[in-house]
Every structure is written in C-alpha cells, then in structure tokens.
Amino acid sequence: MPSLPLTELRAIVGDAHVLDDAGATAGHLTDWTGRWTGHADAVIRPRTTDEVSAVVALCADAGVVICVQGGNTGLVGGSVPPAGGDPARRPLILMTTARMTDIDGVDAIGRCVGAQAGATIDAIDRQAAASGLRFPVDLASRESATAGGLVATNAGGIRMIRHGNTRRQVLGIEAVLADGRILRRWTSLVKDNVGYDLPGLLAGSEGTLAVITRVLFRLIAPPDGTLVTVAAVHHVADAIDLLGALSGRGLNIEAAEIMSEAGISLVEEYGSRRPVAARAPFYVLVETSGPGDVEAVVLEVMENAPVADAVLEPGPARALWSAREQHTESIARSSTTPVVKLDVSVPIRALPEALAELDAVAGVVDHPCRPILFGHIGDGNIHVNLLDVPEDRADHVTAHVFGIVAANGGSISAEHGIGRAKTPWTHLGRSEADLAAMRGIKDAFDPRGIFNPGVIFG
Ligand code: FAD
Ligand code: MLT
Ligand code: ZN
C-alpha cells in the first residue's frame, strides 16, 4: 500500500505548507454549499509552478492522488476530495493554490494580463482597472473565486451575455501535467492556430486533466457608461421581449438577469432593498450600454413594454445589483438543509414553459421542497435552488428537474460544471460516443487517474 511521502513533500514546499492535522485541514474539506465534505491525508500549499511540478511528479511516482482547490466556491462538489478519500484507497492530498496569487503587469496595448492560478477575480479586475481595462468575467464570488478555478469550471457569470464564458478569455495557459511536466502555451498573439486548442481543452476540465498554474487572460475596454434597469413583469415572456426590444434598438446588453418574487422577498428579509415598489411574479435586471442617449432609448422602449413598474439607475447601481447578488447567500442561510443547487439552461424560447414547470416541482414531490429560481436569462440559464430538501431525497428531485430540462432540450450544467454532483446524469446531454471520447482524453492526460477522482466521470 503506497504511503504519503511527507518528508519529500515538505522538502519541496516547506514544512509550514504541508498541513496534516485535522484542525488545519478542515477548512479545505467542506465545499461552499456545505453539502459535500471530503477526506485528504494532507493539504499542500505550493507557491510556484516548479513546486507544483515537483509535487505532482513525486505523487505520480508514489501513487498519491491529487485534488486541486482554488477559492472553494465551486457549487458541484468538485472542489473538495471524495467523502471517504480515494475510492481506490490510495493516499490523497488536497493541493490548494492559495499561495499562488501573483498578477503580472497589464499589457494595455495587447489588452491582456497574466496571473497565477490562485489570484482572485477581484484582484485581477482591480489590476486591469488600474490600466483603464476590465476583466470580462464577473460573478458574485469574485472575492474568493480564483483564476485557476474559473478556467477549470469554464465559469459563466453575469457578463457572459456580452463577453462570453471564461474559455473565451483564455489567451494562454501554463499547467502541470499528470507526470509533472509543465505545459506552457503562452502567447498574446491574436492568431496562433498551431495544433489542438489545449488551453481551450483545460477550460472546463475541473481539475481532471492538469493543475493550472498560470493563465493569460484577455481584457476588455469598459463601456463609457451603463444604465441598470430593473423592471417588474408578470410573465417571463415579457422579460424576453424586453431584452429583444432593447437590443433591437442597437443597445448593448451588458447583463440580463431574472429573479422571482420568492427570491426578492428572501433577499429583502436578509437586508437587501427591494429594487422596485410594485410586486410582480418576476423582476428582470438589464444593464445596457451603447452609442447615443441610452436612457432615452430605454425609457421609450419601457413605455411600450408590459412592465408593472421599473427603476433606472446609471451603473454600477450597486444597490440594484445587490438584490440579485445576495440571492446565493440568502438562499443558503434560509434553507433548513444544504441547498440542492441545479444550474441548468434551456433554449431561450423554452424559458417560460421550463420556468413554470421547474417552479411547480414542489407540488410533484413527496417531501419538503421550496424552489427559488433566478439566473442569467439572457443565456437561457436558470439557477434552480431547492431549499429544505432532505438529503436522502436530493437525487430523486434532481432527477425530476433534469427530466424537465432534457424534455425542453436543455443542459444539466450551464456554467458550474459537473463536479461529483451531476455525474449520474451526464448521459442526458452527451452521447455514448461523446462520453467515450472525453474518457479517452482523460485516460490520455491522466493514465494513472491521480487527478480529482470521481469528478465529471463518477
Ligand atoms: P474551486 O471551487 O476551488 O474549484 C472548482 C473546480 O475547479 C474543482 O473541480 C477544482 O478541482 C478545480 N480547480 C480549481 N483550481 C484549479 C487549478 N488551479 N487547476 C485545475 N483545476 C482547478 N459560477 C459561475 O459560473 N457563474 C456565476 O455567476 C457564479 N456565481 C457564484 C456566486 C457565489 C456566491 C458562489 C459561492 C459561487 C458562484 N459560482 C458561479 C461558482 C464558482 O464561483 C465558480 O465555479 C468558480 O469558477 C470557482 O472558482 P474557485 O477558484 O472557487 O474554484
Ligand atoms: C449566480 O449566478 O449567482 C451563481 O451561479 C450562484 C448560484 O447559482 O447560486
Ligand atoms: Zn450564475
């Protein structure tokens, strides 16, 4: 039975950065939702790519499994080790990128910046802003979510409708392969079309193919100004029509989010200000920019739109955004059990029907279940949060929700990835040939299966 090479690990990262007592490791072993807790024989905190390379090479030879962790804000159980450690009973370490936080100087002409994997999104965006640019991906976990985690999950976020997902922002990558070799595809060239898109492949790999150690990200020039509108509407279709009318008038949609009355009353209960006075079944938040008098165009569109009430505020309109961004936290605090969080997407035309069916799920199950739905309506992305569900009924209600999503031609994962949470249902959106091809890539990159066992493939 292989044993953990603690002495050699300490020689690589330093005694202080090999944690093997329960007190020091506990904070890394439960995920953000509280639904998953894993076991690791030690937590390792490397500082550089070379240290990561040496640790991986040592573990590969010693038959030790490696689970990678960034900010531990992932929502599909992939950021912590399996509950009982490695299913094949091999020693297992959790490798955190918490000490890998360097951010390079911004290339203002090439509009890009390099960052170590453990740098937070907020820190990268602040570095970009100091040069008059912005980081194109934004999400409410920005102060903890890291560059490595963002790429590994191919995160979406609130700006995806305007700039695309994280994969679209990756110009270059440095990563350590499963034998310790360093892969470096690092160029700020706009066009470099030599061979497979390995950076694109590592985006969304969820720690199963390599340890991402640095990323070269695209940056964007922010719009001169934006306008944030929150409108109360009676139907999802009215929100969709409103988005169409605004972009039809030549405005850029910088963000488009939908919330329900259940979500707004919950965040109000936990201290956020209700965004508009009138109450309605749904609230749509749209941030727009564009040439000309954006406010005049928005007001004109709203006059002819079926909205019950609306408020307009020049960006950043933090209080209006707070009502949306407090959803995740408020839902987690309100639920009497760890929230069943199902991040799904459907074709935009199917949203009204799908939202109605998903909201009605509580009526078709035989256990407590309080649905709160919200999400990135512009991407057809609904965050189905089921509160108070007894843990032993979680899979049952998940299967029901995924059945509705599949029947509407949707995806069981819009932006959070698969992790360990969704592995039983990957067949709903991927054919046998597709799953076999992905398994082939996993076997080619990680033949000993030492990276993140159970993630994506179960
Ligand atoms: P972790 O949670 O630490 O890890 C996530 C996965 O990436 C794991 O499988 C892990 O093994 C792997 N990983 C981490 N670092 C590396 C690395 N260096 N190399 C290889 N693999 C690695 N997600 C969205 O897409 N859109 C949202 O709008 C959004 N909003 C959120 C709001 C809140 C309040 C919270 C709590 C979460 C939200 N998330 C959202 C989910 C989460 O923030 C993202 O999935 C994020 O990308 C995870 O980054 P992380 O650094 O926390 O990664
Ligand atoms: C969000 O959009 O806020 C996140 O994806 C988090 C969530 O789904 O709760
Ligand atoms: Zn989201």
Side-chain angles (χ1 to χ4, degrees), residues 28 31-34 36 38 46 49 52 56 66-81 94-98 100-101 115-122 137-161 165-167 173-177 202-215 255 257-259 263 267 321 324-332 339-345 372-379 381-385 413-421 451-456:
H28 289 277
D31 84 309
W32 192 93
T33 71
W36 287 278
T49 299
V52 171
V56 172
I66 301 172
C67 292
V68 200
Q69 188 178 83
N72 198 12
T73 66
L75 297 171
V76 287
S79 58
V80 296
L94 182 140
M95 179 185 282
T96 169
T97 57
M100 300 175 71
T101 57
Q116 275 195 304
T120 64
I121 304 319
D122 183 52
V137 178
D138 191 18
L139 59 186
S141 50
R142 61 184 69 85
E143 288 172 17
S144 303
T146 64
L150 213 79
V151 173
T153 57
N154 187 26
I158 52 187
R159 302 292 174 201
M160 176 160 168
I161 188 171
N165 60 22
T166 298
R167 180 178 288 119
I173 209 159
E174 182 185 82
V176 174
L177 302 174
L202 293 186
S205 59
E206 299 188 58
T208 61
L209 299 182
V211 179
I212 297 164
T213 52
R214 295 186 73 228
V215 188
E257 303 288 314
I258 192 161
M259 300 164 277
V267 296
W321 266 108
R324 163 62 182 85
E325 296 210 338
Q326 286 307 310
H327 269 66
T328 304
E329 196 84 40
S330 306
I331 286 168
V339 184
V340 177
K341 296 181 74 68
L342 303 173
D343 147 56
V344 299
S345 61
I372 294 187
L373 309 182
F374 67 95
H376 317 282
I377 183 174
D379 314 329
N381 183 183
I382 311 166
H383 291 313
V384 180
N385 289 264
S413 177
E415 57 177 15
H416 295 169
I418 294 293
R420 292 193 181 86
F451 284 150
N452 272 11
V455 171
I456 299 181

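First listed ligand is number 1; within each ligand, the first listed atom is number 1. Values below: all heavy atoms of this structure, side chains included; hydrogens, waters and symmetry mates excluded. Everything numeric in this text was worked out from a predicted model, so none of it was measured.
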> Heavy-atom distance to atom 3 (O) of ligand 2: which of H416, R324, H383 wins?
Replying inline: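 Answer by nearest heavy atom: R324.
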> At a non-hydrogen distance cut-off of under 4.0 Å, which region of E329 contacts ligand 2 (side chain, backbone, both, or neither)?
Replying inline: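 It is neither part, as no heavy atom is under 4.0 Å.
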> What part of E325 sits under 4.0 Å from ligand 2 if we count only heavy atoms: the side chain, the backbone, both or neither?
Replying inline: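 E325 to ligand 2: no contact under 4.0 Å from either part.
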Close-contact set for ligand 2 against [X] heavy atoms, below 4.0 Å:
X	answer
T328	3 (O), 6 (C), 7 (C), 9 (O)
L75	6 (C), 7 (C)
H376	2 (O)

To which protein heavy atom is [atom] closest, and what is the distance rounded to 0.1 Å?
atom	answer
atom 35 (C) of ligand 1	S141 CB, 3.6 Å
atom 27 (C) of ligand 1	E415 OE2, 3.4 Å
atom 13 (N) of ligand 1	A152 CB, 3.7 Å
atom 4 (O) of ligand 1	S79 CB, 3.5 Å
atom 8 (C) of ligand 1	G78 O, 3.3 Å
atom 10 (C) of ligand 1	V68 O, 3.2 Å
atom 29 (C) of ligand 1	L139 CD1, 3.5 Å
atom 2 (O) of ligand 1	G74 N, 2.7 Å

> What do you reckon, does E415 put a non-hydrogen atom under 4.0 Å from ligand 2?
Replying inline: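 The answer is yes, since E415 has a heavy atom less than 4.0 Å from ligand 2.
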>> So is K341 touching ligand 2 or not, going by heavy atoms under 4.0 Å?
In response: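 In this structure, K341 qualifies as a contact of ligand 2 - some heavy atom is under 4.0 Å.
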> If you measure from CD on Q116 to OG1 on T146, what distance do you get to the nearest 0.5 Å?
Replying inline: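 Nearest 0.5 Å value for the CD-OG1 distance: 11.5 Å.
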> How are the rings of H416 and H383 set relative to one another: parallel (under 30°), tilted (30 to 60°) or perpendicular (over 60°)?
Replying inline: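 Taking H383 first and then H416, their aromatic rings lie parallel (interplane angle under 30°).
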Contact between ligand 1 and [X] is defined here as a heavy atom of the residue under 4.0 Å from a ligand atom; is it met?
X	value
T97	yes
A210	yes
H376	yes

Answer with side chain, backbone, both or neither: which part of [X] has a heavy atom less than 4.0 angstrom from an atom of ligand 1?
X	value
N452	side chain
I212	both
T153	side chain
A117	side chain

> Do D122 and T120 get their side chains close enough for a donor-acceptor pair, meaning under 3.5 Å?
Replying inline: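 No, no side-chain donor-acceptor contact under 3.5 Å.
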> Short N/O distance, under 3.5 Å, between S144 and ligand 1?
Replying inline: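 By distance alone, the answer is no.
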>> For ligand 1 and T73, I'd like to know whether there is a polar contact (N/O to N/O, distance under 3.5 Å).
In response: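 Yes, T73 has an N/O under 3.5 Å of an N/O on ligand 1.
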> Relative to the Zn ion (ligand 3), which of the N, O or S atoms in E415 is the closest?
Replying inline: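 Output for this pair reads OE2.
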> For the Zn ion (ligand 3), does an N/O/S atom of H383 lie at less than 2.8 Å?
Replying inline: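 Looking at H383, which is the residue asked about, there is an N, O or S atom under 2.8 Å from the Zn ion (ligand 3).
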